[in-house]
*Asks:* 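Sharing a structure here in structure tokens format.
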Amino acid sequence: MRILVLNAGSSSLKTALFTDNAQQTGLIDWTYQAGHAHVSLQSDAEENVAVVAVTSRGDVIRSHLQALCQQAPDGVGHRIVHGGMDYCDSVRITAAVKAAIVRNAAFAPVHHPAHLEAIAAVEDVFGQELPQVAVFDTAFHARMPAAAAAYPIPYHLYGEGVRRYGFHGTSHRYVAEQAAAFLGQSLAALRLVTCHLGNGCSLAAIAQGYSIDTTMGFTPLAGLMMGTRSGDVDPGLLLFLLRERGHTGESLDRLLNRESGLLGISGISNDLRQILAAAAAGNQRAQLAYDMFIHRLRSHIGAMVASLGGLDALIFTAGIGENSSKVRADTCAALGF
Ligand code: ADP
């Protein structure tokens, strides 16, 4: 089997080709330089890197797919951010599924146009008949009980799709399955909290193999403090900023999504490695950013454990979770009881 996997975002397209005995990965970084993309292809044997002029993103994606796949794959999987109320499992992409991805772009305006662009490029290169599958980031959380999914706002909004969806679902699901395999136990019998700590951060409380609670909500802005995203703030604070400080929807979006989190507090970086280095050198704002990150992580883990009624394993993944033993140790230090 030859399976091509695409993770298309506004700033990058990540690709991987899995064959029976090998794996090749690729990356198009759209942010490299104005009018130019940085394209790389990596296999066990070699890495090819090129900077290409971008007149059409579609052209760049098509030639990247041709370079990655010497022969057509048997199937293609796309990571799609939002299944909305339409999908709670992976689905073969048809005209109706594409229409739903367009419709749900209101929930994920940055990602969905990039997903559609990637689906179209695959059709162009390999033909309409090649099976393509949408794998939704929200799907793993779709079985959250209503008590966890609904917001305490007027009920009719819940029926209109204003509810908690949760994200990073493919990551939470994968590491939960891997943890069960490591422990030699059935996933269905375990109560797990999975911590996806990258630039974006979220937790999932997993029971009987599904997410029953999570820290992200209607959007990926909720929950933990992140690289540039605030995570939870008092919603009244947003009203104050709108009414009293001249903010607009656009400027609040920028403030909360791009200028907050580790970057907003430290004033140094959204990258935890730089925060840790600055804190070690005595920078107090970097130290505060780190302390807040850990404080919020601990308290949200506490909430997830309470949703589960106990805990069998705590799992860390993504750039920070995998690599920072300090974050893991400082988090767990509060959970010894
Ligand atoms: P993305 O969400 O963009 O995919 P990643 O999962 O790659 O992000 O995670 C990026 C984060 O991981 C950054 O904050 C980076 O500083 C952090 N990180 C990577 N390696 C380390 C490390 N050795 N120690 C601490 N943090 C690390």
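Just so it is clear, the values below take in all heavy atoms, side chains as well, and ignore hydrogens, waters and symmetry mates. Residues: numbered from 1 along the sequence shown. First listed ligand is number 1; within each ligand, the first listed atom is number 1.
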*Asks:* Step through the shown structure and confirm whether more than 12 heavy atoms of other residues, nucleotides or ligands are within 6.0 Å of CD on Glu250.
*Replies:* no

*Asks:* Which heavy atom of the protein is the closest neighbour of atom 14 (O) of ligand 1, given with residue, atom name and distance?
*Replies:*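 Answer for atom 14 (O) of ligand 1: Leu272 N, 3.1 Å.
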
*Asks:* Against ligand 1, does Gly227 come closer than 4.0 Å with any heavy atom?
*Replies:* no

*Asks:* Using the ring of each side chain (for Trp, its six-membered ring), is His196 parallel, tilted or perpendicular to His168, with breaks at 30° and 60°?
*Replies:* parallel

*Asks:* Would you call the rings of Tyr210 and Phe140 parallel, tilted or perpendicular if under 30° counts as parallel and over 60° as perpendicular?
*Replies:*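 Judged by the thresholds at 30° and 60°, the geometry between Tyr210 and Phe140 is tilted.
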
*Asks:* N/O of Ser324 under 3.5 Å from N/O of ligand 1, yes or no?
*Replies:* no

*Asks:* Looking at Tyr165, I'd like to know if the NZ or CZ of Arg163 sits under 6.0 Å from its six-membered ring centre while staying within 45 degrees of the ring's axis.
*Replies:*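 Because its charged atom sits under 6.0 Å from the ring centre and within 45° of the axis, Arg163 does stack over Tyr165.
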
*Asks:* Considering only non-hydrogen protein atoms, determine which one is nearest to atom 20 (N) of ligand 1 and report residue, atom name and distance to 0.1 Å.
*Replies:* Asn323 ND2, 3.3 Å

*Asks:* Below 3.5 angstrom, do we get any N/O pair linking Ala318 and ligand 1?
*Replies:*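 No.
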
*Asks:* Within the 4.0 Å heavy-atom shell around Gly200, which atoms of ligand 1 are there?
*Replies:*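 Every atom of ligand 1 under 4.0 Å from some heavy atom of Gly200: 2 (O).
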
*Asks:* In terms of residue, atom name and distance, what is the protein heavy atom nearest to atom 11 (C) of ligand 1?
*Replies:*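 For atom 11 (C) of ligand 1, the nearest protein heavy atom comes out as Ile320 CG1, 3.7 Å.
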
*Asks:* Does any donor atom in the side chain of Gln287 or Asn283 lie under 3.5 Å from an acceptor atom in the other side chain?
*Replies:* no

*Asks:* Do you see a donor-acceptor pair shorter than 3.5 Å between the side chains of His82 and Thr138?
*Replies:* no

*Asks:* Compare Lys14, His168, Lys326 and give the one whose heavy atom is closest to atom 4 (O) of ligand 1.
*Replies:*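 Residue with the shortest heavy-atom distance to the ligand atom: Lys14.
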
*Asks:* Quick one: which of Arg273, Met226, His196 has a heavy atom closest to atom 24 (N) of ligand 1?
*Replies:* Arg273

*Asks:* Do me a favour and list the nearest non-hydrogen protein atom to atom 16 (O) of ligand 1 with residue, atom name and distance?
*Replies:*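 Its nearest protein heavy-atom neighbour is Asp271 OD1, 2.4 Å.
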
*Asks:* Hey, does Gly319 come in under 3.5 Å of ligand 1, counting only N/O atoms on both sides?
*Replies:*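 Yes, Gly319 has an N/O under 3.5 Å of an N/O on ligand 1.
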
*Asks:* Which residue and atom name correspond to the protein heavy atom nearest atom 1 (P) of ligand 1, and how close is it?
*Replies:*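 For atom 1 (P) of ligand 1, the nearest protein heavy atom comes out as Asn199 N, 3.7 Å.
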
*Asks:* Does Glu47, at its CD atom, have more than 12 non-hydrogen atoms belonging to other residues, nucleotides or ligands within less than 6.0 Å?
*Replies:*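 Above 12, so yes.
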
*Asks:* Run the salt-bridge test on Arg143 and Asp89 with the 4.0 Å N-O cut-off and return the result as yes or no.
*Replies:*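 So Arg143 pairs with Asp89 through a salt bridge.
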
